[in-house]
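Each remark here refers to the structure printed beneath this line.
Position 1 is the first residue of the sequence; numbering continues from there.
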Amino acid sequence: MKTSSSNRHQEFARLMTEYLEKQDVNQRFHLEGPGTNSLAAWFLGPKAENQTLFSDLILKGIDANCKDRIGYFPNDPPYVTPERKDEEYYQSVDKLETEYQKLLDNLKGSVPFSSYRYQAHMNWDLTIPGMLGYFAAMLYNQNNVALEASPVTSQLEALVGDDLCKMLGFSIPQNVNSGIISSQKSSVEIRPWGHITCDGSVANLEAMWAARNLKYYPLSVVAALRNEKILEPAKNMTVPLNDGSRAQLIKLDTWTLLNLNIDVILNLTTRMENEYGISSQDITNALDPYLLQSMGFASFSREFVSGFLEPVVMGCSTKHYSWPKNAAVLGIGKDNFINISIDMNARMDVKHLRTELDRCLERRQPVIMVVVVLGSTEESAVDPLSEVLSTREEYRKAGLEFVVHVDAAWGGYFASLLRKPENNIARKTNNNNLQDTPVLQLSEYVTEQYKALPAADSITIDPHKAGYIPYPAGGLCYRNSCMRNLVAFLAPEVYHSDSLDASMGIYGIEGSKPGAAAAGVYLSHRIIRPDQSGYGQILGKALFNSKRFYAAIVTMAEPDDPFIVVPVQQIPAEKQGKSQKEIEQQLEYIRENIANKENDDLVNDPEAMSLLKELGSDQIIITYAFNFKNKDGKLNTDPVLVNNFNKAIFKKLSLSADPDQTQKTPLIITTSEFDPEAYGENFVRNFMARLGVNHDSLLTMNFISSTTMSPWLTATRDGNFIPTLIKDFREAILTTVSDFTEQ
C-alpha cells in the first residue's frame with residue numbers, strides 16, 4: 001500500500017540505492033573482521049572501574065556533536081549570544097541544575113543490575129560500546145523511519161541486521177554489499193534480512209503478521225490472475241507442489257493454495273515480472289484490491305475461504321505473554337493460539353505438537369505458524385527445534401504447510417558460542433596469575449537446536465537482552481528477505497527484494513524509532529564480535545557461572561537445616577531415576593567438589609567439570625523453590641504455605657520503591673508461578689511432589705528464578721563471590737523459616 005508521500009520516499013530510496021551501490025560502503029562502516037578480546041574493557045564494571053575511560057569517551061561524543069553544529073554552514077548566526085544570557089537565562093540554568101541533581105539523587109534507587117548481587121531478571125550491565133554508540137547517535141536524534149531522517153543510522157541498522165542474521169547461521173551472499181540488495185539482479189536470490197524493533201514483543205507481532213499474510217497470499221494472487229487483464233500473460237503460470245509435481249496455479253483448490261511452499265509463494269510476483277514481463281507497478285495495482293491487508297479478515301474470509309475453519313498458531317506453553325496478545329491484535333484470536341505442552345525439562349513436547357497438527361490436517365484447518373522457544377524467559381529452556389523442523393517436512397508431504405518461527409529474544413545471542421571468529425586476534429596468555437572464568441560450551445542437545453536455526457523462517461532476537469545493549473533494541477530476522485514485503489506499507493517495488501534495505505521504516509509495525517538503538521548495537525558488535533571471540537566469551541563465562549550458582553543453590557540446605565530446596569532443573573542423578581541415597585551422594589559431591597571450589601581448582605578436576613556441564617538449565621536462568629520443616633522436623637505438606645513461604649523469601653530479597661533499599665538488599669532474586677493451565681497438570685504435580693506437599697489438589701505454584709549474566713562472578717579480585725551470596729541467601733531463608741514455624 002502507498003502513503004501520500006510514497007513517490008517522494010521511493011525516489012529518495014532510489015537515489016540512495018544508486019549512491020551506495022557506487023560507493024565502497026565498507027570504507028565508512030562495516031562489521032567484518034575481528035573485534036577485541038578484553039572483557040575488562042567491555043563494561044563499566046561493578047565498581048565503575050572504567051569510569052575515566054567511559055567519561056572521556058562520552059565527552060568525545062558531546063564534543064563531536066558540538067563541532068558538527070558549529071561546522072554546518074559556519075557563517076550562520078548563533079542564537080544564544082552573551083546578550084541573551086540575562087537574569088532569566090541564569091534562573092533557567094539554576095532550575096535545570098537543581099532538577100537534574102534531584103533526578104540523579106533519585107536514580108540512586110534504581111536496580112543495581114551491574115552488581116554481583118543482582119541474580120534476578122534478564123538484565124545486567126551494558127557494554128561500553130553499546131552505551132557510547134547509543135549516546136553519540138542520540139545527540140543527533142535520528143529517526144530510522146526513513147532514510148531522509150536517518151541517512152547514517154539506517155545504514156547501521158542494515159549492517160546490524162545482516163550481522164544478526166550471520167550470527168544466527170543464515171548465509172549472506174558474498175556478492176552483495178551488507179544492507180543492500182541490488183536492483184540489477186535478474187532473479188531473486190534467497191537471502192536473509194534483519195532489522196531492529198523496539199522489543200521482542202513487537203518482533204513477534206511482526207513475524208506473526210507476516211506469516212498470516214503469507215498464508216493467504218496465494219488466494220489473492222489467484223483472484224487477481226483470474227480478474228485482472230493486466231496479469232493475463234501470467235494466467236497459465238505453474239507452481240511446484242509438495243509431492244514434486246507441478247500444476248497451474250489458478251486451477252489449484254483452496255486447501256492446496258493455503259499450503260503452498262513458503263519460498264514458492266514468496267517468488268510468485270517476481271516470476272510474474274521476470275518470466276512474463278509484467279511491470280512491478282502493474283502487479284502492485286492489480287493485486288492490491290484482493291489482499292487480506294486491503295480487504296480485512298471478514299470480507300476476505302467470506303470471499304475466499306468460506307467453509308474453512310479459523311486459522312491457528314501453535315507454540316509451547318512456556319511462550320512469552322506477547323503471543324496470545326499478538327494473535328488477538330491480528331484478528332486470529334487468542335483462543336486460536338494452541339498451547340503445546342512441555343516435558344519435565346520445560347521443553348516443547350513434540351508428540352503433543354503432532355497430535356494438534358494431525359487434528360488440523362484432518363479438519364483442514366490452516367496452521368499459520370509454529371512458535372519454537374529458544375530460551376524461555378523463566379526456565380531458560382530450549383525447545384527441540386531440530387525435531388520440529390523435521391516434523392514439518394513430514395507434514396509438508398501430507399499437504400500441511402506452516403511457518404516455523406523461533407522466539408530467541410532471550411536465547412539468540414548464545415548462537416555466538418557456535419561461530420568461529422573471522423581472522424581473530426589471538427588472546428594473550430594470562431601471565432598475571434589472575435583467576436579466570438572458563439568459557440563453557442552449550443550442551444550437545446542445545447547445540448543441535450542452534451545448528452538448526454538456518455532452516456527456521458523467522459527469528460526474534462533481542463540485543464537488549466543477552467546482547468547487553470541499552471533499551472530499546474529488539475530484533476527480527478527473516479530467512480527469506482522477501483517475507484518482509486508482506487508487511488510493507490510503502491509498496492517497495494511489489495513483493496520482491498530489489499529495493500534499498502536501509503529504508504527500514506517501510507517494514508514492520510513501528511513508525512518512528514531511535515537510530516541510536518542501531519548505533520548502539522553496531523558499535524558493540526564492532527568491538528565485541530557476535531562469535532566465540534566476543535559475545536561467545538561473555539555468554540560462555542556466564543554459562544559457567546550460572547552452573548556454579550546452581551550448584552551452590554542445590555547444596556545450600558544442610559541435612560539438619562529447617563528447609564529444603566527443590567530445583568526445577570533436576571541434578572543428573574535425579575533425572576536418571578537413581579535412589580535417594582545416590583541422589584544425596586551426588587549432592588554431597590557437588591557441595592565438596594564444585595560449589596565450594598575456586599575456578600582454578602575446579603577447571604583442573606576433569607570429573608567435577610564433566611558433572612558441572614550437566615547441571616542447571618539449557619542456558620543461564622535457573623528456577624527453584626523452598627519448603628520448610630515444622631518444629632517437629634517434618635516437612636510441611638501444605639502447598640499454600642509453601643507458596644507463602646517462597647513469597648516471603650522473595651519479599652526479603654527483592655526491591656521496593658524505597659530508594660534506599662538497594663543498599664539493604666544483599667541478594668536480588670525474582671519470582672513467578674507455574675500455572676497448571678499453561679504448564680500442564682503433570683509438570684505441576686511432579687514439582688509439587690518433589691517439594692513434598694500434597695498434590696492431590698492442583699494449585700498454581702510459586703517459584704524463584706535467578707539469571708546469572710555476569711561473566712566474572714566467580715573470578716573477582718577476591719575470587720569466587722558465590723559463597724558470599726549463598727551466605728546472605730541462607731540468612732534470609734532461616735529468618736523466614738522462623739517466621740513460619742512460630743505462627
Atom CD of Glu598 with >12 non-hydrogen neighbours under 6.0 angstrom = yes
Begin from the C-alpha positions of Ile722 and Thr714 and carry the test side-chain contact (heavy atoms from CB on, under 4.5 Å) through to its verdict.
-> CA-CA 7 Å; Ile722 291 177; Thr714 57; 3.6 Å; yes
Under the side-chain contact (heavy atoms from CB on, under 4.5 Å) rule, collect the residues that match up with [X], sequence neighbours excluded.
{"X": "Gln142", "value": "Tyr140, Ser150, Pro151, Val152, Thr153"}
{"X": "Ala207", "value": "Met369, His405, Ser458, Leu476"}
{"X": "Asn123", "value": "Phe113, Tyr118, His121, Tyr471"}
{"X": "Thr716", "value": "Tyr116, Asp718, Phe721"}

Full working for side-chain contact (heavy atoms from CB on, under 4.5 Å) between Trp410 and Asp462 | CA-CA 6 Å; Trp410 163 238; Asp462 282 359; over 6 Å; no
Could you tell me which residues satisfy salt bridge (charged side-chain N to carboxylate O under 4.0 Å, His left out) with Arg529, sequence neighbours excluded, listed by chain and number?
-> Asp163
Residues passing the salt bridge (charged side-chain N to carboxylate O under 4.0 Å, His left out) test with Arg526, sequence neighbours excluded, are none
Of the non-hydrogen atoms in Ala715 and Thr437, which two are nearest, and what is the gap between them?
-> CB-OG1, 3.3 Å
Between Pro192 and Ile172, what is the shortest heavy-atom contact and its length?
-> CG-CD1, 3.4 Å
Less than 3.5 Å apart, any donor N or O on the side chain of [X] or [Y] sitting next to an acceptor on the other?
{"X": "Asn545", "Y": "Thr708", "result": "no"}
{"X": "Ser524", "Y": "Tyr535", "result": "yes"}
{"X": "Ser512", "Y": "Asn143", "result": "yes"}
{"X": "Asp531", "Y": "Ser416", "result": "no"}

Can you list every pair that meets salt bridge (charged side-chain N to carboxylate O under 4.0 Å, His left out) and has a residue in [range], with sequence neighbours left out?
{"range": "residues 39-65", "answer": "Asp63-Lys67"}
{"range": "residues 437-460", "answer": "Arg392-Asp457, Asp457-Arg479"}
{"range": "residues 377-390", "answer": "none"}
{"range": "residues 509-524", "answer": "Glu157-Lys513"}

Side-chain heavy atoms of [X] within contact of [Y], under 4.5 Å:
{"X": "Leu602", "Y": "Leu612", "answer": "yes"}
{"X": "Thr127", "Y": "Ile469", "answer": "yes"}
{"X": "Ile620", "Y": "Met122", "answer": "no"}
{"X": "His30", "Y": "Leu159", "answer": "no"}
{"X": "Leu453", "Y": "Ile459", "answer": "yes"}
{"X": "Asn480", "Y": "Asp263", "answer": "yes"}
{"X": "Val406", "Y": "Thr460", "answer": "no"}
{"X": "Pro34", "Y": "Ser533", "answer": "no"}

Is the Lys NZ or Arg CZ of Arg347 less than 6.0 Å from the centre of Tyr445's six-membered ring, within 45° of the axis?
-> yes
[X] side chain to [Y] main-chain N or O, any donor-acceptor pair under 3.5 Å?
{"X": "Ser617", "Y": "Gln619", "result": "yes"}
{"X": "Gln532", "Y": "Pro421", "result": "no"}
{"X": "Lys541", "Y": "Val439", "result": "no"}
{"X": "Asp199", "Y": "Val202", "result": "yes"}
{"X": "Ser706", "Y": "Gln119", "result": "yes"}
{"X": "Asp605", "Y": "Asp601", "result": "no"}
{"X": "Tyr522", "Y": "Gly130", "result": "no"}
{"X": "Ser546", "Y": "Ala542", "result": "no"}
{"X": "Gln449", "Y": "Leu374", "result": "no"}

[atom1]/[X] to [atom2]/[Y] distance, rounded to the nearest 0.5 angstrom?
{"X": "Leu39", "Y": "Ile528", "atom1": "CG", "atom2": "CD1", "value": "7.5 Å"}
{"X": "Thr269", "Y": "Asn485", "atom1": "OG1", "atom2": "CG", "value": "8.0 Å"}
{"X": "Ile461", "Y": "Cys165", "atom1": "CD1", "atom2": "SG", "value": "9.0 Å"}

Begin from the C-alpha positions of Ile622 and Ser380 and carry the test side-chain contact (heavy atoms from CB on, under 4.5 Å) through to its verdict.
-> CA-CA 7 Å; Ile622 60 171; Ser380 221; over 6 Å; no
With sequence neighbours left out, what residues match Phe544 under ring pair (Phe, Tyr, Trp, His ring centres under 6.0 Å)?
-> none
Any chance you could lay out the side-chain hydrogen bond (donor to acceptor under 3.5 Å, both in side chains) test for Ser322 and Asn204, step after step, and finish with the verdict?
-> CA-CA 7 Å; Ser322 63; Asn204 289 342; 3.2 Å; yes
Ionic contact status for Asp162 with Arg191, cut-off 4.0 Å = yes
Give the ring-plane orientation class for His195 versus Trp193, where under 30° counts as parallel, over 60° as perpendicular and anything between as tilted.
-> parallel
Pairs where residues 33-66 contributes a residue and the test ring-ring contact (aromatic ring centres under 6.0 Å, His included) is met, not counting sequence neighbours = Phe43-Trp124, Phe43-Tyr468, Phe43-Trp712
Phe29 and His525 aromatic centres sub-6.0 Å | no
Could you walk me through whether Lys465 and Tyr413 pass the side-chain contact (heavy atoms from CB on, under 4.5 Å) test, one step at a time?
-> CA-CA 9 Å; Lys465 287 191 174 74; Tyr413 269 80; over 6 Å; no
